[in-house]
Amino acid sequence: MTKPILKMEGITKEFPGVRALNGVDFELYPGEVHALMGENGAGKSTLMKILSGVYSETSGDIYLEGKKVTMKNPIDAQELGITIIHQEFNLFPNLSVAENIFIDRNDSKGKFGKVNWKSINKRAEELIKSIGANIDVKDKVQDLGVHSQQVIEIAKALSLNAKILIMDEPSAALPEDEVQNMFNVIKQLRKNGVAIVYVSHRMKEIFEIADKVTVLRDGKKVSTKLINETTEEELIHSMVGQEVGNLYPDSTHIPSKEVVLSAKDFYITDEDKVSFDLHKGEILGFYGLVGSGIHTLAERLFGLRKGSGAIKVNSNSVMIKNPKIAMMHGIAYLPPDRHRQGLVKELSVRENISITVLRELSEKTLINRKKEEKLTETYIEQLRIKTPSQNQIVNFLSGGNQQKITLAKWLATKPEILIMEEPTRGVDVGAKAEIYRLINSLASEGLSFILISTEMPELIGLSDRILVMNNGKITKEFGKREANQQTLLKVASDSDRVSEV
Ligand SMILES: Nc1ncnc2c1ncn2[C@@H]1O[C@H](COP(=O)(O)OP(=O)(O)OP(=O)(O)O)[C@@H](O)[C@H]1O
Ligand SMILES: [Mg+2]
């Protein structure tokens, strides 16, 4: 039997007010893909940050190939062959793709310490291609979408030729087809004997790519199993500690005939325009691949892009020139990239949730603290946000809990129309069920949703209708639960379909 390449023993980590890990043992073998699962805040990222030298453990031991090691910083870990792709991107927005991949690296310099740009760009290009992606390595990171940023993180990690590669929710921002490309890369690495830790909330992926799975709950290890000796139900049970019930509740809401938002020949680019109606109390899903125009449509509807198109909101013609006008007309937007547009990370949980409703909470110029606290408490409970208190700085929360706060913040505005992109990205399965219930019940109260999601089960399970976009046009409409994953993907990638419905 092969020996483990890594042994972590009795790892405990305390933060002020939180014990993130409590005596965790974790082993890793060469050539295995080891999934790490658990609810938001269970301790997955913390364990991986300890393994990669970002945090030091409060107590416990780490052995690499039988030898005890201490890592004071990420460079120590890198020198020992451990590389991590972080859940929160660590890229420099004003540098190019290639610069980001090779930053801080001695091997990027030629003789006399001069940087050889030609060779760097070429190597970066090869790396990006090897993942099956298509990005210009000279582009600045700030001009790229979330999914390209994810690709860069992966390329950067690959360039380091690690023995242990940690991927903390690498697929969270990737569309289906690129997840498959990434899996091919992972399979190749596994063949070469690299040990891979794969952190994800997506069951389907775990069963597709992992050999083993370890579950953490509340900072403790619950179990480690071979993937073919466990089931989805068993994993959910280990993670949540109770039954979750039906993930997609039978919808109780019935959309009315009344149209709340009507787009007619609404331009999303100079050439492409779309027409659709959103009804009161409806959950209207949109599906499309990267570049289909959906993201642009969402940003346009919220006034985030130059150029203005008119839409009708409650039969009134409105030019959505900027987000302020959109919000005045009851439109809110949950962006897919919470780092750029969603949260003020230096502020507390409470301040983030109440930021959009300050006017409502204020009496004259003072904020009514009691109301603010009550509002925050409601969302902490409803969305199961794991935080030591309302005063905790958002930056210190786990990734999934940050996502829940972004969602809470927009729900708190009680919009009439909520445009959501990837609302449950990185959210654990238990909290997902809660969020779906909440969306359904808000819809029965008359709130209307535009739901944009690459997670097909979610889109199919929640939407009253699904519009598929392809190449800047709406090419197909599906009724409730009429579409399945295959048909959606096929229509979305079909290049012959251009007729508009
Ligand atoms: N720097 C920090 N300071 C204080 N508390 C922290 C810090 N980092 C993490 N925590 C807390 O430690 C716990 C574990 O967080 P961690 O990020 O490891 O969770 P996770 O399992 O990765 O969750 P997710 O699925 O949401 O990413 C959480 O309660 C979190 O709020
Ligand atoms: Mg995490």
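Since the model is a prediction, treat every value here as computed from it, not as a measurement. In listed order, ligands and their atoms are each counted from 1. Numbers here simply count residues along the sequence, with the first being 1. FYI, side chains are in, hydrogens and waters are out, and symmetry mates aren't considered; it's all heavy atoms of this structure.
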Is there a donor-acceptor pair under 3.5 Å between the side chain of [X] and the backbone N or O of [Y]?
X    : Y    : result
R217 : S238 : yes
R19  : G219 : no
K13  : S56  : yes
E372 : R369 : no
Q403 : P423 : yes

Any nitrogen or oxygen of [X] lying under 3.5 Å from a nitrogen or oxygen in ligand 1? Just yes or no.
X    : result
F396 : yes
G41  : yes
G43  : yes
P16  : no
K386 : no

I'd like to know if the Mg ion (ligand 2) has an N/O/S atom from N40 within less than 2.8 Å of it, counting both backbone and side-chain atoms.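 Within the cut-off used here (under 2.8 Å), N40 places no N, O or S atom near the Mg ion (ligand 2).
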When you look for heavy atoms under 4.0 Å from ligand 1, do you find them on the side chain of [X], its backbone, both, or neither?
X   : answer
T46 : both
F15 : side chain
E39 : backbone

For ligand 1, is there an atom lying under 4.0 Å from some heavy atom of D428?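 The answer is no, since D428 has no heavy atom less than 4.0 Å from ligand 1.
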Any H201 heavy atom less than 4.0 Å to ligand 1: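 H201 counts as a contact of ligand 1 under the 4.0 Å cut-off.
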My understanding is that only one of K67, K7, K68 makes a salt bridge (charged side-chain N to carboxylate O under 4.0 Å, His left out) with D61; could you say which?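 Filter result, single survivor: K68.
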Regarding atom 21 (O) of ligand 1: of the candidates R19, M37, K44, which has the closest heavy atom?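 Among R19, M37, K44, the closest heavy atom to atom 21 (O) of ligand 1 comes from K44.
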Nearest heavy atom to atom 22 (O) of ligand 1: which of G17, A42, S45 does it belong to?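 When every heavy atom of G17, A42, S45 is considered, S45 comes closest to atom 22 (O) of ligand 1.
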Counting non-hydrogen protein atoms only, what is the nearest one to [atom]? Give residue, atom name and distance.
atom                    : result
atom 17 (O) of ligand 1 : S398 CB, 3.3 Å
atom 12 (O) of ligand 1 : A20 CB, 3.3 Å
atom 29 (O) of ligand 1 : V18 CG1, 3.8 Å
atom 27 (O) of ligand 1 : Q87 NE2, 2.9 Å
atom 1 (N) of ligand 1  : Y55 OH, 3.2 Å

With a 6.0 Å cut-off on the ring centroids, do F26 and H34 count as close?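 Yes, they do, as the ring centres are separated by less than 6.0 Å.
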Under 6.0 Å from the CG atom of N134, do we count more than 12 heavy atoms belonging to anything else shown?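 No, not enclosed.
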If you count every heavy atom of other residues, nucleotides or ligands that lies below 6.0 Å from K129 atom NZ, does the total exceed 12?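 Counting other residues, nucleotides and ligands, NZ of K129 stays at 12 neighbours or fewer.
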If every non-hydrogen atom of N40 is compared with every non-hydrogen atom of A431, which pair is closest and at what distance?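 Scanning both residues, the minimum pair turns out to be OD1-CB, 4.5 Å.
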Please report the shortest heavy-atom distance between E422 and P336, naming the atom on each side.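 Looks like CG-CB, 4.3 Å.
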Atom indices of ligand 1, in the order listed, that fall short of 4.0 Å to a heavy atom of G400: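 Per the distance check, 24 (P), 26 (O), 27 (O).
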Show me which atoms of ligand 1 lie under 4.0 Å from any heavy atom of G399.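 Reading through ligand 1 atom by atom, the close ones are 26 (O), 27 (O).
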Can you say whether the rings of Y55 and F15 are parallel (under 30°), tilted (30 to 60°) or perpendicular (over 60°)?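 Aromatic pair Y55/F15 classed perpendicular.
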